[in-house]
Amino acid sequence: MGFKIAIVGATGNVGREMLNILSERAFPVSEVVALASSRSVGTEVSFGDKTLKVKNLENYDFTGTDLCLMSAGGTISKKWSPKIAAQGCIVIDNSSAWRYDADVPLIVPEVNPDAITGYTKRNIIANPNCSTAQLVVALKPLHDHAKIKRLVISTYQSVSGAGKDGMDELFNQTRAVFVADSISTHKFTKRIAFNVIPHIDDFMEDGYTKEEWKVLAETKKMLDPKIKVTCTAVRVPVFIGHSESVNIEFENEISAEEARDILRDAPGCQVIDKHEDGGYITPYECAGEDATFISRIREDATVENGLNIWVVSDNLRKGAALNTIQIAELLVNRRLIKPRLAA
Ligand code: 11C
């Protein structure tokens with residue numbers, strides 16, 4: 001039994017990673033179709049040992065396709081996801097277009113798998129923002145144990161979160177510094193090489209950025225609407241891997257040692273927390289890995305029942321492509337999807 005899968009945005013960072021992960025995890029496919037805008041038609045992408053030629057999304061008929069994995073941004077998703085879903089193809093979308101819609105489940109399989117049944121209202125499932133996905137994987141087991149009251153989060157987000165153009169900009173600016181060339185800025189608002197930028201996505205009326213608001217809204221939707229959340233999102237000159245410093249205030253008592261034990265056993269989590277030089281994870285080491293890594297687990301003596309943790313994950317994998325494939329696996333494992341052509 002295999003599913004016919006279309007990937008929209010197959011030439012992007014996340015689209016390519018989706019193809020890798022489908023192949024790595026031997027997802028049951030009968031056919032994989034790579035789709036993109038007319039600009040990318042004919043581009044070749046790899047799927048296992050096969051090479052796929054990218055086809056035009058505009059001309060593609062979704063009636064025989066079981067699943068569409070979308071990674072082409074919010075504007076394209078808003079236009080195309082309802083049309084694709086209306087053809088009976090389930091859409092798993094990576095953009096922010098549908099995440100806050102009450103009729104669209106926002107899913108991290110380790111956190112709220114049961115919410116997936118809500119997909120039937122629109123035939124669309126949303127994948128969270130990369131910085132939220134890794135955060136809730138680490139927080140869910142702690143919340144279940146001691147009930148989180150308030151979160152103060154600072155993110156250190158890699159340039160791959162801004163796509164291939166973001167990675168190219170860090171590379172080109174770094175090179176320009178070394179060869180004493182002039183530095184040009186296109187993707188980011190200020191120079192990113194040897195710098196950090198406290199600004200990701202658009203500014204909102206209250207002075208927070210949309211990225212900061214997403215962390216708040218998505219954490220509440222997936223974990224618990226009662227949790228108070230505040231966030232500062234920062235872009236750093238790292239190619240892959242988002243890091244987060246998270247201060248957590250709990251309703252009930254929890255020691256650092258208890259938190260360490262809980263996280264060691266939690267799905268999707270890996271604890272690396274030795275009190276010695278190098279006894280923690282950095283984004284460089286998490287690139288290409290599936291886990292959400294947790295280090296620097298400490299009690300915060302300035303509040304009752306407080307902890308500080310350091311959370312790192314590959315933003316292209318758990319933050320995007322891996323989580324999308326895990327959602328597809330959840331649909332299959334719970335028998336919520338059947339191959340249409342076999343029916
Ligand atoms: C970044 N987190 O690092 C963003 C990228 O809403 O899916 C993902 C944006 C989103 O720039």
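These figures come from a predicted structure and were not determined experimentally. Atom set for the values below is all heavy atoms of this structure, side chains included, hydrogens, waters and symmetry mates excluded. Index from 1, following the sequence. Indexing begins at 1, ligand by ligand and atom by atom, following the structure's order.
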Using only atom types and a distance under 3.5 Å, with no angle test, would you say the side chain of D202 pairs donor to acceptor with the backbone of K210?
no

Determine, for E44 against K53, whether the closest basic-nitrogen to carboxylate-oxygen distance falls under 4.0 angstrom.
yes

Within ligand 1, which atoms have a heavy atom of N94 less than 4.0 Å away?
7 (O)

Heavy-atom contacts with Q157 under 4.0 Å: which atoms of ligand 1 show up? List them by number with element.
1 (C), 2 (N), 3 (O)

Taking 4.0 Å as the limit for heavy-atom contacts, which would you say applies to R99 with ligand 1: side chain only, backbone only, both, or neither?
side chain

Just to confirm my output: which protein heavy-atom neighbour is closest to atom 11 (O) of ligand 1, and how far is it?
R235 NH2, 2.6 Å

Identify, for atom 4 (C) of ligand 1, the protein heavy atom at the shortest distance, and state residue, atom and that distance.
E211 OE1, 3.5 Å

Can a salt bridge be assigned to the pair K140 and D144 using a cut-off of 4.0 Å between side-chain N and carboxylate O?
yes

Which distance, rounded to the nearest 0.5 Å, do you find between the CG of N195 and the CD1 of I183?
9.5 Å

Nearest non-hydrogen protein atom, atom 6 (O) of ligand 1
K214 NZ, 2.6 Å

Taking 4.0 angstrom as the limit, do D314 and K318 come out as a salt bridge?
no

For the side chain to side chain contact (heavy atoms under 4.5 Å, CB included) test, which of V136, T230, L135 pairs with V215?
L135

Nearest-contact summary for atom 5 (C) of ligand 1 - protein heavy atom, Å
G161 O, 3.1 Å

Using the six-membered ring wherever Trp is involved, compare the ring planes of F27 and F3 and label them parallel, tilted or perpendicular (cut-offs 30° and 60°).
tilted

Quick one: which ligand 1 atoms are inside 4.0 Å of a heavy atom on H242?
3 (O)

Ligand 1 versus I200: contacting region, heavy-atom distance under 4.0 Å:
side chain

Does at least one non-hydrogen atom of C130 fall below 4.0 angstrom from an atom of ligand 1?
yes

Exercise: do H143 and D224 side chains pair donor with acceptor under 3.5 Å:
yes

Considering only the protein, which heavy-atom contact is closest to atom 8 (C) of ligand 1, and what is its distance?
N129 OD1, 3.3 Å

